[in-house]
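First comes the structure, then the notes that go with it.
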Amino acid sequence: MNVSIVPALKALIPAALVVAVVLLGLVVGFWANAAFYPGTSPEQPIAFSHKIHAGENEIPCMYCHTQARRSISAGVPSVSKCMGCHNEVATQRPQIRKLKNYWENKEPIPWIKVHDLPDFVHFTHKRHIAAGIECQTCHGPVETMDQIRLTDAAPMEMGLCLNCHKQKEVANGLDCWTCHK
Amino acid sequence: MPEAKELQYADIHRDVVRSIVETGPKYYITLGTAIFVTLLCFFFPWFYQLYYGIGAAGLNHPQVWGTYLASFIFWIGLSHSGTLLSCVLHLTNSSWRKAMYRSAEAMTLFSLVVAFTFVMVHLGRPWFIHWSLPYPNQMEMWPNFRSPLLFDVMAITTYLTGSAIFIYMGSIPDFAAVRDRTIGWRNTMYTLLSLGWRGTDREWHRLHWAYTFLAVLIIPLAVSVHSIVSWDFALSIVPALHQTIFAPYFVVGAIYSGTAGIVTVMFILRKYMDFGQYITKVHFDNLGKLLLVLSLIWTYINMVELFTGWYSGASTEHEALQYKLFGYYAPLYWEMILFCAVAPLLCISKRFRTSFVPMLILSIAVNIGMYTERFLIVGTSLSRQYLPDAWGLYVPSLVELSIILGSFALFSTFFLIFVKIFPSVSMYEVKETMSTPKTEPEAPPEGNPA
Amino acid sequence: MSILDRIADGWRKYRKPGYYDEFDYHWGMTVDLDRCTGCEACVTACQSENNLPIVGEKAFAEGREVKWIRIERYWEGEFPDVKLRFIPMLCQHCDSAPCETVCPVSATYHNQDGLNTQVYNRCIGTRSCAVYCPYEVRYFNFYDHHWDSPLDQQLNPDVTVREKGVMEKCTFCIQRIRQAKDVAKDDGRRRVRDGEVQPACVQTCPTQALVFGDRKDPESQVSKLMNNPRTYRVLDELNTDSSVVYLKKVEDDHA
Amino acid sequence: MPNIDRRDFIKLVGAGSVGVGAGFMLRETIKHPTEQLIPHVIAPEDFSTGIATWYNTVCSMCAAGCGISVRTREGRAKKIEGNPSHPVSQGRLCALGQAGLQVLYNPDRLTGPLMQTGQRGSGSFAQVTWQEGLDKVADRLELLTAENQGNRIGLLSQGVRGHLAQLFELFADQLGSERLLHYDFDHPHTLYAANHRFFGEARLPYYDLKNTRYLLSFGADYLGNWISPVHHSLGFGHSRQGRSDVRGRFVQIEPRMSMSGAAADEWISAKPGTEGILALGLAHRIVSEGHYSGVDRDDWTTALSGYTTDQVAEQTGVGADTIRRIADTFVHTEPSLAIGGGSAANHSNGVDTLVAVNALNYLVANIGKPGGLVFNPEPAGPASQDRQASYRTMLELAEDAKQGNIEILILNGTNPVFSLPSAGFEEALAEIPLIVSLSSFMDETTALADIILPSHTYLESWGDDFPEPGVGFSIGSVSQPVVSPLYNTRATGDIVLQLAKQAGLSDAIPWSSMKDFIKDGWRLIYDRGGLDTQKESFESFWRSILKAGVWGEKTHRDPAFTLDKRVINSIAVPPPEFSGSSDAYPFILHPYVSTTLHDGHAANLPWMQELPDPMTSVVYGSWVEINPATAGQMNLKEGDLVDIESPHGQIRAPVYVYPAIMPGVIAMPIGQGHVTYGRYANRGVNPIEILSPRVDQRTGALASSATRVKIKATGRRIELVKTGGNSRELGREIVQTTGGKASQGHSAKLNSIPITVVPT
């Protein structure tokens with residue numbers, strides 16, 4: 001009589017193999033989705049390039065995101081603001097024509113949000129700018145991006161907030177009610 | 001001693017293995033029904049509640065706890081019978097324990113699992129339950145170690161682990177016995193489960209040692225688990241809950257309902273699994289005595305509870321008592337007294353204790369009474385708190401009642417699967433209680449005590 | 001220091017004299033029952049400021065309404081010698097709050113400003129805080145609440161709309177406190193001035209029965225009122241050490 | 001590793017694909033949903049994203065005229081608060097005022113012009129354009145005016161003040177119509193009449209609750225909804241605890257305890273309708289005890305001779321001791337004040353009652369003094385109270401309509417079908433060929449209209465207000481739109497101006513918009529001078545008013561006043577008359593304007609429906625209040641449905657056993673019982689339906705408290721929806737008081753239980 005568990009385990013190998021392959025598949029599928037469809041860099045209605053504007057032409061962030069220094073939200077520039085320059089600049093490029101279309105139809109541009117916080121988070125741009133935080137600390141090196149995206153260095157997660165609050169020894173910076181509403 | 005004088009080692013093996021291997025249509029019908037009822041009455045309403053919100057239950061302000069928590073205590077209580085009783089009896093060397101303890105321990109295990117599902121059902125956002133576990137995370141949030149609810153999480157997981165190891169360890173020799181009598185996938189399964197058990201002296205020695213060690217460990221654990229469950233209530237300042245008697249009250253109540261639960265399960269095993277030769281009048285007699293003692297202790301504690309409430313002289317305590325005794329749920333209270341304090345007095349009579357059907361009825365009545373007790377603890381005290389203007393009334397909804405019903409089906413499902421996997425009577429320990437066989441059994445003596 | 005001592009210390013620290021000295025604020029409120037008329041302007045103010053749901057008649061009948069501040073009413077005597085007394089009941093922001101000990105995930109805790117916090121996104125819905133609260137001012141979201149369009153346009157963007165399964169309660173209008181601190185920082189002030197921040201209920205109270213302020217500041221209106229001989233705390237015998245202090249109603253017999 | 005054959009391979013490939021798919025989908029489900037970021041096309045000037053903007057304007061939820069500040073974010077109104085610089089509200093606001101947001105954002109608002117397509121009352125409407133709707137009305141108006149038939153045009157508005165009222169005047173005048181009426185259910189006609197009779201001017205004085213030390217209120221629920229509840233509450237709070245040396249005492253006299261009764265130090269229940277007699281009894285005591293020493297003392301003695309304490313005690317049911325005590329306190333506490341209104345004024349002797357109350361003020365000489373009764377100066381802008389239609393006037397209007405004398409009826413926000421009892425108003429409306437409604441909501445009257453030209457809500461339109469009563473000096477406030485219009489609606493003023501234009505009246509009414517009209521009106525106020533207005537231009541004056549939301553002129557009236565002897569000689573309060581015999585109808589019905597829903601116009605606001613009634617904590621429904629002893633005798637419990645029957649109708653409501661109501665009186669709140677007013681309002685019953693058409697003899701105002709009823713148990717019961725549990729304290733000392741039992745043995749100090757702090 002055989003009492004060893006080894007042969008019994010051997011008999012289980014095919015089944016175990018199937019399970020292992022399923023698990024491996026899960027990981028691969030998850031990774032594939034994350035890698036190829038991250039959703040952190042959606043295609044925008046107009047292929048606006050921060051690289052050209054903020055990087056090459058060195059337009060300051062708050063030239064367009066004017067609200068940032070006085071409001072909780074940074075705000076996106078109005079279509080008229082875009083047209084302020086693009087009435088003159090690069091008017092013939094296809095993307096600028098798109099912009100012109102929006103402007104002529106008096107329609108807003110339906111940008112897709114990339115840097116988004118959940119609704120239960122109170123984040124105020126004003127205070128952070130007043131404290132001298134660079135935009136890039138949370139938004140990543142946008143001036144190098146053709147298409148805006150979330151980066152691993154600035155993933156818009158709570159850990160990032162906490163680290164910074166700890167490093168800078170923000171008063172009551174670790175209290176939940178400083179940020180959660 | 002068992003009544004069947006001619007019972008042989010071989011018979012034990014035959015009966016037990018038969019109970020595992022031979023499966024009639026009756027079993028499948030029962031299992032099918034149990035699974036169906038579980039899905040229909042437990043999971044369907046629960047998913048509805050997940051979708052709709054806790055509003056699907058009858059809860060309201062101020063009565064934010066209800067039958068889910070009552071059921072949680074009930075199942076935790078039921079779990080106490082098994083492993084705790086088994087340990088105590090093991091340490092006191094009570095031979096009559098041996099035929100019943102396996103199923104009792106299984107009850108413990110499954111009751112705990114069902115109790116855990118009730119925690120999930122109870123929570124407003126069960127999908128975040130992992131936040132009650134301490135693990136490092138980027139939010140740098142830890143659970144609140146001051147919370148009795150967290151004590152609960154710890155206590156119950158420990159108890160669950162302990163009970164699982166206990167029942168498994170005790171079953172190893174029996175798995176080996178079954179392994180040697182089965183073929184095919186069952187053989188594979190039991191080979192794995194028996195961990196290469198050969199029945200050598202050394203193995204037996206170690207098993208006994210480890211088993212006793214665990215038994216000693218589990219007793220305080222079991223007592224602490226229900227004490228901690230009681231602290232969920234006693235640490236609040238709700239009138240009628242904020243009482244020092246609560247820990248012993250809960251522990252005694254738990255053992256009480258657990259013991260009654262064992263009677264029920266044993267009756268069913270005896271009747272429907274043909275274990276008549278193993279589960280005998282002796283067991284019922286002893287359990288009856290135990291029930292009687294427990295009921296007396298329980299009654300005493302109840303009287304103490306009433307007395308302290310009255311003696312406090314506080315309007316809040318008086319009102320809470322008043323509501324319990326004479327309020328909306330007064331019929332339930334008196335039903336509980338009848339079932340849990342009065343009815344068990346019948347166990348004074350030996351004739352009663354040794355009659356199977358009356359004992360079954362009593363055991364069911366006690367558990368109904370004990371469920372009522374839990375319901376009253378949760379369901380009435382919160383309605384009568386400090387501010388009279390915020391008083392309320394709580395009536396359980398259909399969803400809740402259905403989930404309670406479904407939880408019994410869930411428990412039965414687990415149990416039905418259990419009896420087909422585990423030898424539901426401990427073969428080797430029953431054998432220990434028998435005289436040496438007259439003839440050599442056909443099977444190798446893997447379970448023969450030295 | 002053993003772990004038990006640490007736990008006990010965590011429990012006790014808010015009540016130590018001088019605990020709040022190292023922080024900027026210790027918010028508190030007084031409720032003058034001699035001024036309160038039970039008009040419930042505070043109730044609506046709270047509902048409109050804090051996105052409290054419109055639950056509907058059915059939910060109301062089931063007792064699932066959400067009112068962070070409510071008026072309790074108690075009759076005294078029989079006709080014709082009968083009195084009705086009102087008392088506004090809201091989260092008392094107890095310095096030793098029973099609810100804070102029980103939350104297994106620390107969704108409710110005491111913060112450095114003396115506020116009893118409720119972090120909605122951390123809440124898992126055990127509802128035990130509501131059981132432990134003797135004032136019964138914690139309200140549970142039994143459903144996902146719905147605002148018939150366009151009523152949703154009124155919702156305050158500074159306050160979360162709570163989802164089903166989450167406990168909620170009075171926050172002393174934390175969004176207003178935050179805003180006032182923001183303004184103070186802009187002005188280069190360390191602290192918020194007395195009266196600069198008022199929760200919605202205090203702001204609207206037509207009889208000025210409610211007063212809110214910093215208990216640490218001895219010159220604040222609320223500190224002065226707390227020295228009034230009429231002060232008492234509801235359920236003081238429970239030693240909750242609440243931050244909401246009531247001023248007794250003045251009753252004399254036909255003087 | 002075992003050999004993998006073909007079948008195993010296929011299995012593994014299958015398993016792998018399932019795994020990959022599941023993993024992919026798993027991440028898909030936990031992905032953050034994409035949100036859009038919509039910019040402005042052109043950045044607006046009046047707000048910045050994320051920053052709140054406040055607009056000062058005027059509350060229109062009741063007639064008090066509180067100044068309000070509306071908080072807006074991203075162009076949406078978020079919160080209404082009192083305007084701190086407005087003297088009426090002083091930064092405070094009642095529940096109803098704050099619920100104004102739900103008028104604006106009400107899901108049941110009318111979104112554009114409608115035309116009735118079916119039978120009237122069938123509720124079938126078709127959408128039309130503004131031009132179609134306006135044309136149809138304007139053509140008819142023009143036709144009638146041209147034929148000099150202008151008086152066949154009726155204009156029926158809710159009570160409006162300021163330049164909108166003036167515009168209606170102008171419009172009616174140019175049309176040649178004299179049928180311009182304002183109708184509000186709770187307009188205090190009797191109070192105006194009594195003041196006119198006693199003081200010689202039909203205006204409300206300012207009641208200085210703030211500085212008074214002793215207030216006698218005869219039925220006026222001044223904290224609930226009488227005239228200006230927010231301002232009264234401010235005064236109440238200050239009088240109670242705002243002064244270091246004195247605490248004001250308040251006495252309330254009414255058959256059913258109102259909010260003000262609960263807040264009062266003493267609540268006295270006199271028999272319904274005898275409040276005036278009680279007032280004269282007090283006056284008699286004051287005069288006969290020699291506490292009054294004016295020159296006309298003898299006239300008073302003669303006039304009051306029939307009101308000796310014992311007689312009055314018998315008539316009113318108030319103890320003689322109480323009468324003496326109150327009279328003595330009233331005269332000895334300076335300053336003291338008496339006010340009257342509410343149920344006391346809604347009897348057949350309403351005006352006489354209020355005259356008697358005024359007499360009390362006269363006898364303690366508090367007129368023009370702080371803490372007394374202060375005359376208001378002439379309002380700076382247009383006033384309109386003489387247009388307020390009494391019940392009798394409305395009956396006449398209905399009669400006219402039945403005679404076929406009215407061709408067009410233009411309704412503005414008023415709802416007489418709901419709030420006019422036993423008048424046959426619906427039948428009268430049936431005789432009018434064209435009914436036009438300017439209401440923002442489908443109320444019961446609007447549902448009978450042929451053309452609906454929906455108005456903006458007050459938060460979307462221009463307007464102004466000159467509060468009545470003022471606060472002792474002249475104030476005016478401008479109301480400005482705080483949000484852009486939600487729907488295809490227009491401001492009431494703009495509709496009227498447009499109608500005038502199309503009807504060919506643009507010579508007399510040349511303004512193109514309400515804003516211009518108001519601005520021109522305010523130019524007059526500016527031109528009148530005063531203050532420093534000369535220094536600034538009108539534009540900056542206008543801007544500063546818009547910013548502050550209020551303008552005031554600190555000119556006070558001369559308090560000098562001589563009382564006509566004839567008034568003294570004629571002073572008397574006849575016993576009240578009731579409809580229905582006391583045998584057949586044993587109870588007097590005491591209908592009161594609901595604190596939360598007002599006269600019913602707030603019933604479509606969910607916040608108000610969900611606001612527990614202050615006294616009973618009932619929400620969402622109607623109920624009838626019965627004295628506990630009476631309920632015990634009739635074996636009625638809370639929630640028992642009873643039929644309440646008067647000689648004029650029958651309604652069904654659940655019982656609420658109310659500890660503070662006289663036996664023989666039952667009370668019901670007005671406000672519920674709507675049928676077409678939207679999802680939140682259509683519930684409960686309307687007690688106005690069973691009121692008898694009895695009026696106050698002098699004014700023709702409805703004597704709404706003069707109906708007798710009987711109640712019959714139906715044997716059915718419902719669960720009253722309310723928030724309160726047990727309404728007794730059970731000795732738990734939750735609401736502690738300085739007097740009585742609770743004060744003994746209980747320290748008033750903080751932390752009466754010592755807390756041990758372990759030093760570490």
Side-chain angles (χ1 to χ4, degrees), chain A residues 10-11 13-15 17-34 36-40 42 44-45 64 66-68 70-83 102-103 105-116 118-119 124-126 150 156, chain D residues 1-55 70-79 483-486 488:
Chain A
K10 269 191 182 155
I13 284 178
L17 207 60
V18 170
V19 171
V21 169
V22 169
L23 288 178
L24 190 72
L26 267 175
V27 175
V28 170
F30 199 88
W31 169 83
N33 190 323
F36 301 114
Y37 303 91
T40 53
Q44 300 288 359
C64 296
T66 46
Q67 295 291 327
R70 47 200 164 92
S71 168
I72 53 168
S73 64
V76 271
S78 60
V79 185
S80 62
K81 185 126 206 168
C82 304
M83 287 305 293
Y102 280 112
W103 172 244
N105 297 333
K106 292 285 173 273
E107 276 173 11
I109 308 161
W111 300 112
I112 294 167
K113 241 179 170 177
V114 174
H115 294 98
D116 192 16
D119 288 345
T124 153
H125 277 90
K126 175 181 157 185
L150 277 185
M156 289 267 139
Chain D
M1 199 72 186
N3 290 328
I4 295 176
D5 60 18
R6 193 165 136 268
R7 291 176 64 178
D8 287 342
F9 181 73
I10 291 171
K11 261 189 224 164
L12 287 179
V13 169
S17 347
V18 169
V20 171
F24 194 90
M25 291 316 291
L26 182 70
R27 184 166 185 285
E28 201 63 30
T29 53
I30 60 173
K31 242 185 214 171
H32 199 70
T34 45
E35 285 181 29
Q36 285 189 330
L37 202 55
I38 308 288
H40 291 283
V41 177
I42 301 169
E45 283 169 22
D46 50 351
F47 71 83
S48 304
T49 324
I51 300 175
T53 318
W54 295 80
Y55 291 97
V70 185
R71 175 175 184 253
T72 64
R73 268 278 297 266
E74 285 90 43
R76 289 169 177 177
K78 298 293 177 190
K79 178 100 180 21
V483 294
S484 38
L486 255 68
N488 185 19

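Within every chain, numbering begins at 1; the chains are lettered A, B, ... in the order of the sequence lines, protein sequences first and strands thereafter.
- The CZ atom of R70(A) sits 6.0 Å away from atom CD1 of I51(D), with the distance rounded to the nearest 0.5 Å.
- From Q36(D), atom CD reaches atom CD1 of I112(A) across 6.0 Å, with rounding to the nearest 0.5 Å.
- Note that the CG atom of L24(A) and the CG atom of L12(D) stand 11.0 Å from one another [nearest 0.5 Å].
- Of the residues considered (A32(A), S73(A), S80(A), A20(A)), S80(A) shows the highest number of contacts with chain D, using heavy-atom pairs under 4.5 Å.
- Counting heavy-atom neighbours within 6.0 Å of W31(A) CH2, excluding the residue itself, gives a total of 12 or less.
- Counting heavy-atom neighbours within 6.0 Å of D119(A) CG, excluding the residue itself, gives a total of 12 or less.
- Residues S48(D) and S71(A) have side chains not in contact (no heavy-atom distance under 4.5 Å, counting atoms from C-beta outward).
- In this structure, the side chains of E28(D) and N33(A) come closer than 4.5 Å at one or more pairs of heavy atoms.
- In terms of heavy atoms, V76(A) sits closest to P39(D) at CG2-CB, 3.6 Å.
- In this structure, L17(A) CG and K11(D) NZ are separated by 10.5 Å, a value rounded to the nearest 0.5 Å.
- In this structure, S78(A) OG and I38(D) CD1 are separated by 13.5 Å, a value rounded to the nearest 0.5 Å.
- The candidate from A22(D), A15(D), G21(D), G23(D) with the greatest count of non-hydrogen atom pairs under 4.5 Å with chain A is G23(D).
- By a heavy-atom distance cut of under 4.5 Å, R73(D) are the residues of residues 70-78 of chain D near chain A, going up by number.
- L26(A) has its side chain out of reach of F24(D): every pair of non-hydrogen atoms, C-beta onward, lies at least 4.5 Å apart.
- The most heavy-atom pairs under 4.5 Å with chain D, out of P77(A), C82(A), A74(A), A34(A), come from A34(A).
- Interface check for chain D: of the options K126(A), K106(A), H125(A), M83(A), the most heavy-atom pairs under 4.5 Å are formed by K106(A).
- Note that CD of Q67(A) is 5.0 Å distant from OG1 of T49(D), once rounded to the nearest 0.5 Å.
- Neither the backbone nor the side chain of P42(A) comes within contact range of chain D; no heavy atoms are under 4.5 Å apart.
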